[in-house]
Amino acid sequence: MIQASELILNPDGSVYHLNLRPEHIAHDIIFVGDQNRVEKITQFFDSIEFSTQKREFKTQTGIYKGKRITVMSTGIGPDNIDIVVNELDALVNIDLTTRQPKENLTSLNIIRIGTSGSLQADIPVDSFVMSKFGLGLDNMLRSYLIDEVSNHAIEDAFVQHTNWDIRKGKPYAIACSEKLEKIIESDRIFKGITATAGGFYGPQGRVLRLNIQDAELNNKMDNFDFDGTRITNLEMETAAIYGLSSLLGHNALSLNAIIANRASGTFSEDPYKAVDELISYTLNKLAGN
């Protein structure tokens, strides 16, 4: 039996951080970072059956063109992803009354819709990027046994190419769900590796008043190529989502609307339009349209 200190439940039986019970979520779940973006997606729904919020975790479940979908905000960073994915898995794969894992496990479909800046000059603003791999620079997933789900060849090539300081922890590389990739892909979408940083400033090469360990890391990432697959963008969640989903048996895919290009120094003239187009595209693909 999983002890109360390990799987914490609220007095109403909901999981501790998300404030959700099993009946509150669909099997198809969309992640966003910003809680204010949840309703930017659910405004397209035909109906909303459930809504709740605790801290930065806002959840709404409803129907879009006959498809039951949950939209949830995760907040920022891989530490939050650790909470969200583990608690979602508990909702479907642990009996919360007996505190025992279920014999028959459920695989959720998790799609992250985010915004990001491109590292490549030929991936313009207002385009869409699909993360073929998540490359974790954050070290969170190393708390788990990940060897069976990680791509060691990409990890080793990246460490060598960047002369990575191993004191920061070895990066990890996890593939997206092939099932979701086939559902969502189109000629409009660029594919590549999404690097996941553990912070916004120094970990992503931004310098304000503090010097950083490797001032050339972003340039090295720009030039990294693994069998024709480049690092397309840099953010703070994808690799953690891919890693935990792979370990727990869920399908995960990360999509980003590119609103900035750090190589060319350009920014979208209408970033909200790009995000809305990605939302509409993803919802229709999930609904089978």
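What you find for E185 and K285 is that their closest heavy atoms are O-NZ, 4.1 Å.
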Legend entry - Candidate pair F224 and F158, rule ring pair (Phe, Tyr, Trp, His ring centres under 6.0 Å), full reasoning: CA-CA 7 Å; F224 179 68; F158 180 80; 5.5 Å; yes

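Here OG of S177 is found 13.0 Å from CD1 of I241. Values are rounded to the nearest 0.5 Å. To the nearest 0.5 Å, atom NZ of residue K132 and atom OH of residue Y242 are 9.5 Å apart. Once rounded to the nearest 0.5 Å, the distance linking CG of L119 with CE of M221 reads 5.5 Å. If you take CG on L135 and CD1 on I174, they are separated by 9.5 Å, rounding to the nearest 0.5 Å.
K273 NZ: 12 or fewer foreign heavy atoms inside a 6.0 Å radius. Within 6.0 Å of atom CD1 in I76, 12 or fewer heavy atoms from other residues, nucleotides or ligands are found, so the atom counts as exposed in its surroundings. Surrounding OH of Y272 are at most 12 heavy atoms belonging to other residues, nucleotides or ligands under 6.0 Å away. Within 6.0 Å of atom CD1 in I166, more than 12 heavy atoms from other residues, nucleotides or ligands are found, so the atom counts as buried in its surroundings.
Under 4.0 Å is where a charged nitrogen must lie from a carboxylate oxygen, and between D214 and K220 at least one such pair does. Salt bridge annotation for D34-K58: absent, with no cationic side-chain nitrogen under 4.0 angstrom from a carboxylate oxygen. The pair D156-K170 meets the salt-bridge criterion, with a side-chain N (NZ, NE, NH1 or NH2) lying under 4.0 Å from an Asp/Glu carboxylate O. One finds a salt bridge joining E155 and R142 here, because a Lys/Arg side-chain nitrogen approaches an Asp/Glu carboxylate oxygen to under 4.0 Å. In this structure, D276 does not pair ionically with K40, as no charged nitrogen and carboxylate oxygen lie closer than 4.0 Å.
Side-chain heavy atoms closer than 4.5 Å link hydrophobic residues (I, L, V, M, F, W, Y) into clusters, and following such links, even through other members, never connects I279 to V129. Using a 4.5 Å cut-off between side-chain heavy atoms of Ile, Leu, Val, Met, Phe, Trp and Tyr, with links allowed through other members, L180 and V92 fall into the same hydrophobic cluster.
A cation-pi arrangement is not found for R188 relative to Y281, the charged atom failing to lie both closer than 6.0 Å to the ring centre and inside a 45° cone about the ring normal. Judged by a 6.0 Å distance limit and a 45° cone about the ring axis, K54 is positioned over the six-membered ring of Y16.
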